[in-house]
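What follows is one structure encoded as structure tokens, with my remarks underneath.
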Amino acid sequence: MSEYLLDVQDLHTSFFTDAGEVQAVNGVSFHLDPGEILGIVGESGSGKSVTAYSIMQILADTGRIVGGRILYKGDDLSKFSEKQMQKFRGKSCSIIFQDPMTSLNPVFTIGSQLKEAVVLHTDKRGKEADERVIELLELVGINEPQKRVKQYPFEHSGGMRQRVMIAMALACEPDILIADEPTTALDVTIQAQILELIQELQLKLGMAVILVTHDLGVIASMCDNVVVMYGGRICERGTASEIFYHPKHEYTKGLLRSIPNVNNMKERLVPIAGTPINMLNLPKGCSFCARCDNAMKICLDRVPEELEINENHKASCWMNVKQAFEEGGAAV
Amino acid sequence: MSAPLVEVRNLKQYFPVKTGFFGTKPLKAVDDVSFYVNPGETLGLVGESGCGKTTVGRSLIHLYTPTSGEVYFNGERVEKGNIKQMRRRMQMVFQDPYSSLDPRMTVEDIIGEPLDVHGLYKTKAERRERILSLMETVGLNAEHARRYAHEFSGGQRQRIGIARALAAEPQFIVCDEPVSALDVSIQAQVINMFEELQDKLGVAYLFIAHDLLVVHHISDRIAVMYLGKIVEIADADDVNNNPMHPYTISLLSAVPIPDPDIARSRKRILLEGDVPSPLNMPSGCAFRTRCRYATEQCAQSCPSLTDRGNGHMVACFNR
């Protein structure tokens, strides 16, 4: 078996709350190759962020990985000691968060916060570390880094802070950068700057990127491969063009019909009926069955298995099984 | 052409901001904005955060008292003295469906409040009947009338807010980012509802949002704001297919389009740097610090909106 950079196998993550167990991630598997940009798309509560946090092992106190494995270059992360894990975070894999306003400490200067990351993860000290900080700020396109290192986060705009966060994440050139809704809090023109920066850095440093977002537009312009999540499960995965032009899961199809696009400006949108899923009360079958127009009896009872549509595309929807059966009577 | 329903002339809204111990300085949130909205039409208002688009909406229905400028509704001037009667005809839907509904009121009372304020019923039974029919109009289950706002999801709460705005049978509704707090799959439900209500009731909207695809979809005309000023205003398709102001051009090129082939083939026109502070505005044209076409003239005076044909108004010297 070939080794992937990151291999997530049948991941289950649950939160144990007063109201009961919330199965936020429910059997998610995917892998990441070096230099790949993978998009994870889904709405709030789909489990996309929890998947990212599970990889970094930075879940909230009530959360726990209850099943599955995460392999980094073949090594099982759950076997890592806390010390190894610390090394993994930062050196192998870094994360940037949605809200650049709250992810920086307001009482320390930008420079000292960046230096902390550099000192912690590399053997650069003193002057050498300071130089590295300036270099990192230059890398993410911040003007006058000498002046900026002495400033506090409140003196920076949202876009600048997100650049600082990216600089921090890149401090020791990780193999994987996880970006959790990196531009959701930013304005469109600033969003474009940050996306461009991530793309540029990805090319320059050759790292792999996992981009977690709810914005299909961001996915379309950035990602090689896409994973669509709903209710803690993966609905569909494939290359961006397969997912956007030949969706094979009812949720993806519905999602694409429900957003305004350049081609449907004069038509009425087709919304997905119903309300988002209640994670405390997951259906027995497919997560999406309650909102699906084409739900069949089997959808309510059994979780659909993933079916290969072609080598670049897999989907978990009983409709495909039905279609395959009708077409060729294939034994499924 | 028929007379506009709402006309805004030279609207200015300044907020005093403390600078140091003694002084205050005016923050020009909205600086000399004029536009009109026709009956039954949707005017989209787009711009980035801090450009003053929400303030325009709020000043328009006197949630803030404008510093100067006039608002006319059906030819009648909207003033402090008549705002209560005017608000029967002009209503507002707010961005955040979580904070814009009183948690201690039942849905029935929230939707019924405009009816109470304007005395729009004679008997209790009539009041209830109207509330239930409003709930039905926005797709809420009438059985839920006695429930509280927290028992509803975000999309349903936004429907409550819309039912409340519709209660007084207005001809004009200011919609301030009504879908941005909602999940993608719910947005379309609410957008469709706005469009259906317009077809049915002939109500006009000022639709304020930062999502350009949503605004393009719902609007007949679009106004683009930058730092308190309208820089371009035209038919929705004109703005999108033939943008003229350099800010509009880069704003549109920055919108992520959910189509991989289009998204990858086009070029983003990146703007340098950030929006200047509205407390410390550049002289002349506010956009010149980030503009590729900026010249001497832009620093000296501020361009005003001029017609480039077909009502396509642009405020730029060089385009």
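Chain A is the first sequence line, chain B the second, and so forth, proteins listed ahead of strands; every chain is numbered from 1. Predicted, not measured: the structure shown is a model, and the values here were computed from it.
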Checklist outcome for this item: Checking I219(A), D215(A), T213(A), T183(A) against P256(B) for side-chain contact (heavy atoms from CB on, under 4.5 Å), the one that qualifies is D215(A)
Next on the checklist: So, taking the atom named OG in S219(B) and the one named CE in M265(A), what distance separates them when rounded to the nearest 0.5 Å?
Outcome noted: 10.0 Å
Next on the checklist: For the interface with chain A, which of S250(B), G155(B), A188(B) has the highest count of heavy-atom pairs at distances below 4.5 Å?
Outcome noted: A188(B)
Item to check | Part of R291(A) lying under 4.5 Å from any heavy atom of chain B | outcome: side chain
Checklist entry - Relative to chain A, which segment of N240(B) carries a heavy atom at a distance below 4.5 Å: side chain, backbone, both, or neither? => result neither
Checklist outcome for this item: In terms of heavy-atom pairs under 4.5 Å with chain B, the winner among Y251(A), Y245(A), F244(A) is Y245(A)
Checklist entry - Is E136(B) atom CD crowded by more than 12 heavy atoms from other residues, nucleotides or ligands, each under 6.0 Å away? => result no
Checklist outcome for this item: Heavy-atom closest pair (P260(B) atom, A240(A) atom, distance to 0.1 Å) is CG-O, 3.9 Å
Item to check | Residue pair S258(A) / V184(B): nearest heavy atoms and the distance that separates them | outcome: OG-O, 4.2 Å
Item to check | Largest heavy-atom contact set with chain B, pairs under 4.5 Å, which of N261(A), L256(A), L186(A), N143(A) | outcome: N261(A)
Checklist entry - With a 4.5 angstrom heavy-atom cut-off, which part of L270(B) approaches chain A: side chain, backbone, both or neither? => result side chain
Item to check | Which portion of I191(B) sits near chain A, non-hydrogen atoms under 4.5 angstrom | outcome: side chain
Item to check | Minimum heavy-atom distance D259(B)-A220(A), with the two atoms named | outcome: N-CB, 3.5 Å
Next on the checklist: If I compare all heavy atoms of C223(A) with all of R264(B), which pair ends up nearest, and what's the gap?
Outcome noted: O-NH2, 2.5 Å
Next on the checklist: I'd like to know if the side chain of E43(A) reaches the main chain of L182(B), judged simply by a donor and an acceptor atom lying under 3.5 Å from each other, with no hydrogens or angles considered.
Outcome noted: no
Next on the checklist: Return the CD to CD1 distance between Q187(B) and I272(A), rounded to the nearest 0.5 Å.
Outcome noted: 11.5 Å
Checklist outcome for this item: Closest non-hydrogen contact found for P260(A) with H217(B) is CB-CB, 3.9 Å
Item to check | Side-chain (N192(B)) to main-chain (R268(A)) donor-acceptor, under 3.5 angstrom | outcome: no
Next on the checklist: Please identify, among Q156(B), H210(B), E196(B), the residue contributing the most non-hydrogen atom pairs under 4.5 Å to chain A.
Outcome noted: E196(B)
Item to check | Side chains of L213(B) and I259(A) in contact at under 4.5 Å (non-hydrogen atoms) | outcome: no
Checklist entry - Are there residues of residues 189-199 of chain A that reach to under 4.5 Å of chain B by heavy atoms, and which ones? => result T189(A), I190(A), Q191(A), A192(A), Q193(A), L195(A), E196(A), Q199(A)
Checklist entry - Does CG belonging to N141(B) count more than 12 external heavy atoms closer than 6.0 Å? => result yes
Next on the checklist: If I measure from the heavy atoms of chain A, does S153(B) come under 4.5 Å with its side chain, its backbone, both, or neither?
Outcome noted: side chain
